[in-house]
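Position 1 is the first residue of the sequence, and the numbers go up from there.
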Amino acid sequence: MTKLSQVNAVLDRLKIETPSWAYGNSGTRFKVFAQPGVPRDPFEKIADAAQVNKFTGSAPSVALHIPWDKVEDYAKLAAHAKELGVVLGTINSNTFQDDEYKLGSVCNPDPKIRDRAVAHLLDCIDIMNITGSQDLKLWFADGTNYPGQDSISERQDRLAESLSRTYKALGANQRMLLEYKFFEPAFYHTDVPDWGTSLVHCLALGEKAWVCVDTGHHAPGTNIEFIVASLLRAKRLGAFDFNSRFYADDDLIVGAADPFQLFRIMHEVNVGGGFDVGTPVSYVLDQCHNIEAKIPGQIRSIMNVQEAVAKAVFIDQDALKAAQKNGDVLAAHEVLMDAFNTDVRPMLREWRQAKGIDGNPMKAYAKSGYAQKIATDRVGGNQAGWGA
């Protein structure tokens, strides 16, 4: 098989889930800037996600965030998605916005509050049972802000107990994805701050518990590709949340800050089997900053991921292995740089056209008139946004 055929085969398999919350108004902790045409409910979010799939051919599922995407009839929402050519994907829990969670949710010193948090997680599993979703994604804002505020080790015990109660409710084909974040909103210590903590809990829980890597949840200079390689080696990398960062959890367009880092990560995914047929690794966007247009922002992120993936697959693995075996540092580095500097955009345009998709998704969407249509049709009502 030629390199071009290998790249096309991987691109055919690569599916990137988009997040419902990316289509609503979002922002920083300082300001949320409203935009015309933003969805007013989860049904309109799904409609916008279907547009991203239409113009990229690679976004067939939509992640939900509960209770932001709470509806009376989840079966109806799933049917709506199917009619538009997409499906409902990962269910994301929310245990960080209620006043009761001021000192934490599943790690809170108050057992009644922990019970409430676990009840929400179990409700999310009930939603999964209705929608057919396979993944429950957990991210906890739990932690402390001051030394001595609470017992670090006891909080780990509470976390393990809460996770165990949730894990037992998972169905045979369902998974738990435990995300980590090294700081914010807890600043002294976070209860799930790194991949090691997440992995330890996942290993204790069982084979249905996997680590989720958010590319924006690391300290500056962190070697994310090492983390990815290690989790693939341990067969515990369950999902990515793709975005980009300069300083903190910026949630910027994927690859905007460091496209070379994204390429290096995709290289480790490729050699670690993350693009193989039947891979357990799920690819999800978590890009939702506050100044770019919503739908084009998702399209651009997907295009950036596709470019990084294509370059990673283009790496001459035989030449790389030979250089590594011979200890030829510069030759090995040159192999990577040759692939990274390859302009894969013409090949991607041809790949899209072969699938009946416009070769330039950004321009095609702009010409479609969809943005103007929703700006006119969605006047009135409450726009969706963070916490909606």
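Judged purely by distance below 3.5 Å, without hydrogens or angles, the side chains of Thr56 and Ser58 never pair a donor atom with an acceptor atom. A donor-acceptor pair shorter than 3.5 Å cannot be found between the side chains of Glu179 and Trp195. Under 3.5 Å, the side chains of Asp150 and Thr144 contain no donor-acceptor pair of N or O atoms. Checked by atom type, the side-chain pair Gln298/Gln51 shows no donor-acceptor distance below 3.5 Å.
Taking both residues in full, the closest heavy atoms of Ile302 and Ala59 are given as CD1-CB, 3.7 Å, listed atom of the first, atom of the second, then distance. Between Ala34 and Asn25, the shortest heavy-atom distance links the atoms CA-OD1, 3.3 Å. Lys3 and Gln317 make their closest contact through NZ-N, 4.4 Å (heavy atoms, listed as atom of the first residue, atom of the second, distance). Taking all atoms of both residues into account, the shortest heavy-atom contact from Cys288 to Ala22 is CB-CA, 3.8 Å. Residues Val38 and Gly24 approach most closely at CG1-CA, 3.6 Å, considering heavy atoms. The two atoms that bring Gly37 and Asp48 nearest to each other are O-OD2, 4.5 Å, heavy atoms only.
There is a path of hydrophobic side-chain contacts, each under 4.5 Å, that joins Val86 to Ile127. Using a 4.5 Å cut-off between side-chain heavy atoms of Ile, Leu, Val, Met, Phe, Trp and Tyr, with links allowed through other members, Ile66 and Leu136 fall into the same hydrophobic cluster. Hydrophobic cluster membership is shared by Leu88 and Leu170, with clusters built from Ile, Leu, Val, Met, Phe, Trp and Tyr side chains linked at under 4.5 angstrom.
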Which is it for His201 and Gln156 under the side-chain hydrogen bond (donor to acceptor under 3.5 Å, both in side chains) test, yes or no, and what are the steps along the way?
-> CA-CA 9 Å; His201 283 284; Gln156 288 295 307; 2.7 Å; yes

Gln261 and Glu225: CA distance, side-chain angles, deciding distance, side-chain hydrogen bond (donor to acceptor under 3.5 Å, both in side chains) verdict | CA-CA 8 Å; Gln261 180 192 61; Glu225 52 268 37; 5.0 Å; no

Hey, mind stepping through Arg352 and Gln306 against side-chain contact (heavy atoms from CB on, under 4.5 Å) and telling me if it holds?
-> CA-CA 11 Å; Arg352 294 184 184 109; Gln306 290 173 328; 2.9 Å; yes

Could you walk me through whether Arg155 and Asn108 pass side-chain contact (heavy atoms from CB on, under 4.5 Å), step by step?
-> CA-CA 7 Å; Arg155 291 180 72 89; Asn108 197 292; 5.9 Å; no

Report the C-alpha distance between Gln35 and Lys294 in whole Å, list the side-chain angles of each, state the deciding distance to 0.1 Å, and finish with yes or no for side-chain contact (heavy atoms from CB on, under 4.5 Å).
-> CA-CA 9 Å; Gln35 296 187 14; Lys294 304 303 177 183; 3.7 Å; yes

Should Asn92 and Trp21 be marked as a side-chain hydrogen bond (donor to acceptor under 3.5 Å, both in side chains) after you check the CA-CA gap, both sets of side-chain angles, and the distance that decides it?
-> CA-CA 10 Å; Asn92 293 258; Trp21 54 95; over 6 Å; no

Evaluate the side-chain hydrogen bond (donor to acceptor under 3.5 Å, both in side chains) criterion for residues Asp194 and Thr197: first the C-alpha distance (whole Å), next the side-chain angles of each, then the deciding distance (0.1 Å), finally the verdict.
-> CA-CA 6 Å; Asp194 52 42; Thr197 305; 2.7 Å; yes

Could you give me the CA-CA distance, side-chain angles and deciding distance for Ile295 and Tyr23, then say whether side-chain contact (heavy atoms from CB on, under 4.5 Å) is met?
-> CA-CA 7 Å; Ile295 296 173; Tyr23 301 103; 4.1 Å; yes

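Residues Arg114 and Arg158 form a side-chain contact, since some pair of their non-hydrogen atoms from C-beta on lies under 4.5 Å apart.
Within 6.0 Å of atom NZ in Lys355, more than 12 heavy atoms from other residues, nucleotides or ligands are found, so the atom counts as buried in its surroundings. Crowding of Asp73 atom CG: a count of heavy atoms from other residues, nucleotides or ligands under 6.0 Å exceeding 12. The number of heavy atoms from other shown groups lying within 6.0 Å of CZ (Phe96) is above 12. With a 6.0 Å radius and a threshold of 12 heavy atoms from other residues, nucleotides or ligands, Arg13 has its CZ atom above the threshold. In this structure, Lys181 places its NZ atom where more than 12 heavy-atom neighbours from other residues, nucleotides or ligands lie under 6.0 Å away.
Residue Ser244 holds its OG atom at 12.0 Å from CG of Asp286, rounded to the nearest 0.5 Å. Atom CG in Leu199 sits 10.5 Å away from atom OH in Tyr180 (nearest 0.5 Å). Here the straight-line distance linking atom CZ of Phe140 with atom OG of Ser198 works out to 10.0 Å at 0.5 Å rounding. For the atom pair CG (Leu163) and CG (Leu138), the distance works out to 6.5 Å, reported to the nearest 0.5 Å. Between Asp126 atom CG and Tyr74 atom OH the span is 10.5 Å, to the nearest 0.5 Å. Separating the NZ atom in Lys102 from the CG atom in Asp110 is a distance of 13.5 Å, to the nearest 0.5 Å.
Using a distance-only test at 3.5 Å, with no hydrogens or angles considered, a donor-acceptor pair links the side chain of Glu17 to the main chain of Thr90. Counting only distance, with no hydrogens or angles, the side chain of Thr222 and the backbone of Ile224 share no donor-acceptor pair below 3.5 Å. Judged by distance alone, with hydrogens and angles left aside, the side-chain atoms of Ser20 form a donor-acceptor pair with the main-chain N or O of Ala63 at under 3.5 Å. For the pair Arg349 (side chain) and Gly359 (backbone), a donor-acceptor distance under 3.5 Å is absent. Counting only distance, with no hydrogens or angles, the side chain of His65 and the backbone of Asn94 share no donor-acceptor pair below 3.5 Å. Judged purely by atom type and a 3.5 angstrom limit, Asp98 has no side-chain atom pairing as donor or acceptor with the backbone of Thr95. Without hydrogens or angle criteria, Asn145 side chain to Tyr188 main chain gives no donor-acceptor distance under 3.5 Å. Judged purely by atom type and a 3.5 angstrom limit, Glu44 uses its side chain to pair as donor or acceptor with the backbone of Arg40. With hydrogens and angles ignored, the 3.5 Å screen pairs no side-chain donor or acceptor of Asn270 with any backbone N or O of Met266. With hydrogens and angles ignored, the 3.5 Å screen pairs no side-chain donor or acceptor of Thr190 with any backbone N or O of Val192.
Just one residue in the list Arg175, Lys137, Met176, His217 forms a side-chain contact (heavy atoms from CB on, under 4.5 Å) with Cys212, and that residue is Lys137. Residue Asn243 is tested with Ile253, Val284, Asp214 for a side-chain contact (heavy atoms from CB on, under 4.5 Å); the sole match is Asp214. Each of Asp241, Ile16, Asp135 was evaluated against Ser282; a single residue qualifies, Asp135, per the side-chain contact (heavy atoms from CB on, under 4.5 Å) test.
Between Glu307 and Arg345, no side-chain nitrogen of the basic residue sits less than 4.0 Å from a carboxylate oxygen of the acidic one, so the salt-bridge criterion is not met. We find that Asp338 and Lys311 are not joined by a salt bridge, their nearest charged nitrogen and carboxylate oxygen being 4.0 Å or further apart. Remark: Asp69 engages Lys45 in a salt bridge, criterion side-chain N to carboxylate O under 4.0 Å. Between Arg165 and Asp115 a salt bridge is recorded (basic side-chain N to carboxylate O distance below 4.0 Å).
Ring pair Phe263/Phe260 is parallel by interplanar angle, where below 30° counts as parallel and above 60° as perpendicular.
For Phe183 and His218, the ring centers are positioned 6.0 Å apart or more.
Annotation: cation-pi geometry not satisfied between Lys15 and Tyr283 (NZ/CZ under 6.0 angstrom from ring centroid, within 45° of ring axis).
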